[in-house]
Structures are given as C-alpha cells and as structure tokens.
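Worksheet: the structure to be examined is printed underneath.
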Amino acid sequence: MRFSRFFLPTLKETPAEAEVISHKLMLRAGMIRKLAAGIYSYLPLGLRVLRKVEAIVREEMNKAGAQEVVLPMVQPAELWQESGRWEFYGKELLRFKDRHARDCCLGPTHEEVITDLVRREVRSYRDMPLNLYQIQTKFRDEIRPRFGLMRGREFVMKDGYSFDVDEKASGKTYLAMYAAYQNVFRRLGLQFRAVEADTGSIGGSFSHEFMVLAETGEDTIVSCTGCDYAANIEKAEVVWSEKGQIKSNTPSRPMEKVATPGRRTVEEVTTFMGIPPQQLVKTLIFLVDGQPVAVLVRGDHEVNEIKLKNLLQAREIALADEALIRRITGAPVGYSGPVGLPVKIVADQAIQGMYDCVAGANEEGHHLVHVDAGRDIHADLYGDIRSVTAGDRCPRCKQPIRLSRGIEVGHIFRLGTKYSEALKATYLDGEGQERYMVMGCYGIGVSRIVAAAIEQGHDESGIIFPVAIAPFDVLLLPVNVNDTVIREAAEDIYHEFLSRGVHVLLDDRDERAGIKFKDADLTGIPFRITIGTKFTKEGLLEIKVRGTGETLFVTREQLVQTLLNMHSERIPRCLQQG
RNA sequence: CGGGACGUGGCUCAGCCUGGUAGAGCACAGCGUUCGGGACGCUGGGGUCGGAGGUUCAAAUCCUCUCGUCCCGACCA
C-alpha cells in the first residue's frame, strides 16, 4: 500500500472526547472515527488490525473443531420470549418493531438463535459434538459506553456455541475451547490471564474470563502468589476462619447507645470512637427484587454485589435511596444498624462472632457500642458476600493473594441445559431416550482486543502493535521522494516485499522526514526501514524496531536476510515463502 | 437513570464572569524557501458560536427548555 493513496487521516492533537490511551491513539492514528456514542467507523488502518485479530481467532477456532456460521443480527422477539430473556435482559437489548409491528431486537448475543437452529436440525447423539461460531457485529445498548472501542454499543465479537450429549462431553469441549483461547491470546502477542468468573446474565454453571493485563482495565483480578488460582474479584472466594476474629470469652457488657453527632462514614465513626474499622458493623440497605434487605459487612470490608445477588438468587439488586433508608431505619444514611431492624438481614460470615463492636443505632447521631453479634444481631442468613481484599489468602492454598487490573477479552461458559431446556433442544441417545443437549458458549471481544492490545503496547510516541496483529509488517520510509536514488531504491524494495507477500506500507508522500517519522511511530508498525542519506552516501538502509527502539544498518543485499533473522512471527513466514 | 463537566471553522482551544463588528495555533489551497524527527514567509478559503425560545436598542456572552458528547456509579465481549 502506498501512503499517498491510503485513507489514513492521522491527528497531531488528541480529540477532546478521548480519555484512555487506546481511544486517543486509535483516533490519532486514523484507525477509527466516532459516529455516535459507542458507535464507531473503522478506517482502513483500524480494519486491517481487526481483520488480523479475526484471522487468528478463526484459525484457532477451526483448528479446535468449531465451524463458522453467520447468524442473523435482527431477531424476532418470540425466541427471546421463549428463553425468558425478553424480560430478563433489560434495556441493553435494543428492541424495535418491523413494518408489521412485530417485536424484534438486535442481537446482543446468540444463544437463542443458535439453539433454535440446532434443535431443528439435530435429532441424534450421532450429530454431536457440534461446535459453531461466528464473527459478527453485536449491538448492546450499554447504559454507558466508554473508552472508545473498549466498551462500545456496537462491537465485533466472536461467539461460539457447543452442543454435547452430556455434562462429561460438554466438559471436554469446554477444555478444548479453554486451550484454543490460550492459543489465541498467546498468538495475539498479549499478556493475559485466564480467571474464574461469575456467569452474569448469560447464565450457566461455570466460567472463565480471559483478561488482558492492563492498568486501565475495568476488572479487578485476584491471583495467588503461591499457586495458579486466579479469579475475577466478582467471583473470588473469601477464606473465612474464626481465627483473626475479634473475640472474647468474657460475657459481653450490655449494649449502650452513644452519641456520634455528624459521624456517618466508617472512617468518621471509627476515628471518633478510637476503634479499628474491623470493630464496626457496616449496615447497608439494599433493594433486592423490590424488597428491602439489610446487608452487614465488617467496617473494613466491601459488599460484593455479585456475590450478594447470587446468594439471594435475586434478579436485581441495588442500594436503597436515602428516602427508603430513612423509612426503614428511621434515621438518615450513616446511622443504620442491624439491631431491631424490621427487614431481612443478610450478613457476611465475618460478622459471626464479632464481639464488643459498634453499629448504627437507627437513630440520627447515635451508634450502639458493646454489640455482640451472637447475642444482638439476628441475621436471617450468613454467607460470603464481601469482596476479597489485598490482605486475604488464596482459597486453594492459603498463600497471600495479589490484586491486579485486567480487560476482559474473552469469556467461556458451561451453560448446561439452561437454553436447551427453555427452547426444548433435545436429541435421542443410544437407547432411544430423549435428552436435553448440554451447551457451552464462548465469546471473544474482537474489537476490544484491538483496544486492549494498544493499552498494553504503546509509548509517548504512539502505538506499538504486536507483530501478529499489526496493520502492516513493514513501513518503508524514503526520507525524500524527490531524490531519484532514494525513490528508486524504495520502489525496488517495495515491490520485492509485495511479491513476497509482506504487508508493506510505502510512505511515498512528498512530506518532510519529521512528519513521516511521527506518523510511523504513531501507527505502530513493527519494522521501519528508512532510506535516506545513509543510503545515498554509504549504501546503508536503517531498520528500526518499533517495540524495542533497536536500530541497525544493512545493505540492500542484507535487508531481507536480516529481517528474516529478526525475531518475529509473521515476517519470517512471509519472507521464507518468497 | 443518579452525580459532575463540556458543546465556538476539520482538530486543539481563547473570548462568556462584566452583552456592543467572532479570534489564535494547527490543518486546508496557492506561491517561494526548506528537506533525517510534526519547518518558515507571503497570500487565501472556511464558523448563522449545538438547537429552540426568552430578556435587551443589541446575545457566543444573561435566563429557560432541549439535543449531543465526555467522566464517576449500576451493565458486560
């Protein structure tokens, strides 16, 4: 490709709308442009990267025995009503009516459609295992799209679905997909980690997320320093033991109400009373499927809403608003306490055995002291409802854990028979028995990977693409196209690369060298070959590696061999074929 | 949806508080010089100041409504 003819509008300045690095750089490097909130056009450079990611995903899926299909993006409401998700999925599902006033939606995911397809075609255990996938634009009407491609409303996703005869076979498929995902992310050249995850609205019994490690990630990952346990914080289990609890063998003193005027937060109250936060019972009022519930955690802990939701098997939970809190507790926010509350009380396991602690008195400006959990707190339910903190231990091996940030780029689920039961997807087994198919589903955020790769690979000057997904392998940079020697050498090299199948971008623009160098750095092409005075005077070409900054000078004759020797996945393969 | 910020040539922003003939830099077009890290000079084109309504002799500026965008929270590949 010739730069002079390439639609690559780079920007010197960052548009005001971009906040995170990948978004800024994708706009500046002319990869994407925004049409509306969370909706972007891919320009040629961005599309080339997207296509390379897709190609790797496709190859690995095919290798793992999955077959590619393309399912409709517009879907009838009936299917979603059948699965129950027409109600459940919420406003993220973009709904509309066609000209006949039939309810439709844009596909945010395709469990319904694929299950419908398979239930019509597959009747026998002989037709399984069956594993189908597609790479397609999805639409989810996110409440708050953000960070450019990181959380768009429209995004490219690989979604795959497997159908097996039983749990055992499904587990095998799951493992095969797990391995395929490892291969995908390894080949993409990303630093990543597979973690145990919550299953969210997709449902099912078991799942792993694939996280690209990056500070800007929206997810927190808990990983063990001793073993290979890793989980999303939404899911990570808390190891609880009686040890380390504040306990005493002496009987409690009676509860007592003390004035704590104006002290509402944990910090304010504990500082005021001169106690550690572990000695406070934090009481939060939640609205669980419309019912108020008091949720207790220790002062130094945070409620994990996902765990709470799962424990209560609730559809929807949210913190209560000020008015409701006042109605239930009789006090403003900051003075809620478990003693005498007329609602269901759910407590974290760490609350058990808390002794001589402090809690809100359900009265403005007052707290209770000498509260003994066993005597004074009558929880309806104890469970693991808090998030792991940095001080916790690994639930597997009890070694210290570590918290880090990640971007979720893949998610695999074991669905069991959730959808096959809802949609009556059955087959006949060897004994002629009708059985439900056992499903799995497997997603990869293709467009998000592009953003994640940039989050992980960039410097002050611009993008540093992994070789595997770079839009071009090589950038040829003739410093001055008005110099005949330089221009002809560039054309010569350009044509050799083209004939060898190397993806090469020739910056044949009649621009100053500085502009070309800046664009070269910005667009992140792994290898830059500069043809300048060093060539006209000494016959030397400069190879610069974008990622490492390493530069070396070679003759025209040495060029191909040198690139061949340089460590990269793609370049050698192309060059060798030539 | 709750909280915050912001909409002024293609981009980055000033002007608004204190109403009085729309500005700068970059980008773009032409000419000249320059030519290995976002050059310089001269000339030129381009904005009904997001939109609607109001106040006023007069609105980018003040008021009301509205649309859009971004950030923080609930959602998720």
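Naming convention: chains lettered A, B, ... in sequence-line order (proteins, then strands); numbering from 1 in each chain. Bear in mind the structure is a predicted one, so any value in this text is a computation, not a measurement.
Residues from residues 534-546 of chain A lying near RNA chain B, meaning a heavy-atom separation below 4.0 Å, are A/Lys534, A/Glu542, A/Lys544 in numerical order.
In this structure, A/Glu209 contributes its side chain and A/Val195 its backbone to no donor-acceptor pair below 3.5 Å.
If you check B/rC76, B/rC72, B/rU69 against the side chain of A/Glu408, the one that comes closest is B/rC76. Checking B/rC76, B/rA77, B/rC70 against the side-chain heavy atoms of A/Arg151 singles out B/rC76 as nearest. Relative to the side chain of A/Arg28, the nucleotides B/rG38, B/rA77, B/rC70 differ in distance, and B/rG38 lies closest.
Across all strands shown, A/Asp519 has heavy atoms under 4.0 Å from base atoms, whether or not it also approaches the sugar-phosphate. Looking at heavy-atom distances under 4.0 Å, A/Ala318 makes no contact with the nucleic acid at all. Residue contacts shown for A/Asp521 include a base, since a base heavy atom lies under 4.0 Å away.
A/Ser207 and A/Arg414 share no donor-acceptor pair across their side chains, judged by distance under 3.5 Å alone. Using modelled atom types, one finds a donor on one side chain and an acceptor on the other under 3.5 Å when comparing A/Tyr161 with A/Asp159. No hydrogens or angles considered: nothing links the side chains of A/Tyr89 and A/Arg95 as a donor-acceptor pair under 3.5 Å.
OP1 or OP2 of B/rC72 lies within a sub-4.0 Å distance of a side-chain N or O belonging to A/Arg144.
In this structure, B/rC62 and B/rG54 make a Watson-Crick or G-U wobble pair, each of the two defining distances being under 3.5 angstrom. Of all nucleotides present, only B/rC6 satisfies the Watson-Crick or G-U wobble test against B/rG68, with each distance under 3.5 Å. Across all strands shown, B/rG45 has no partner, as no Watson-Crick or G-U wobble contact with both distances under 3.5 Å is found.
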Could you list the protein-to-nucleotides 11-16 of chain B atom pairs, N/O on both sides, closer than 3.5 Å?
unit_1 : atom_1 : unit_2  : atom_2 : d
B/rU12 : OP1    : A/Ala16 : N      : 2.4

*For salt bridge (charged side-chain N to carboxylate O under 4.0 Å, His left out), just list the numbers for A/Glu54 and A/Lys158, CA-CA rounded to whole Å, side-chain angles, deciding distance to a tenth of an Å, and then say yes or no.*
CA-CA 8 Å; A/Glu54 285 180 13; A/Lys158 188 285 298 185; over 6 Å; no
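If A/Ser447 and A/Glu19 are placed on RNA chain B by their nearest nucleotide, the residue sitting closer to the 5' end is A/Glu19. Of the residues near RNA chain B, A/Lys12 and A/Pro145, the one whose nearest nucleotide (by heavy atom distance) lies more toward the 5' end is A/Lys12.
For A/Asp510 and B/rA39, the CG to P distance is 14 Å, given to the nearest whole Å. Separating the CZ atom of A/Phe155 from the C1' atom of B/rC76 is a distance of 8 Å, rounded to the nearest angstrom. Rounded to an integer number of Å, the gap from A/Ile449 CD1 to B/rC76 P is 20 Å.
The base of B/rG38 is not paired with the side chain of A/Arg509 by any donor and acceptor separated by under 3.5 Å.
Applying the side chain to side chain contact (heavy atoms under 4.5 Å, CB included) test to A/Tyr42 and every residue at least two apart in sequence or in another chain returns A/Ile32, A/Leu47, A/Leu50, A/Leu149, A/Val156, A/Ser447.
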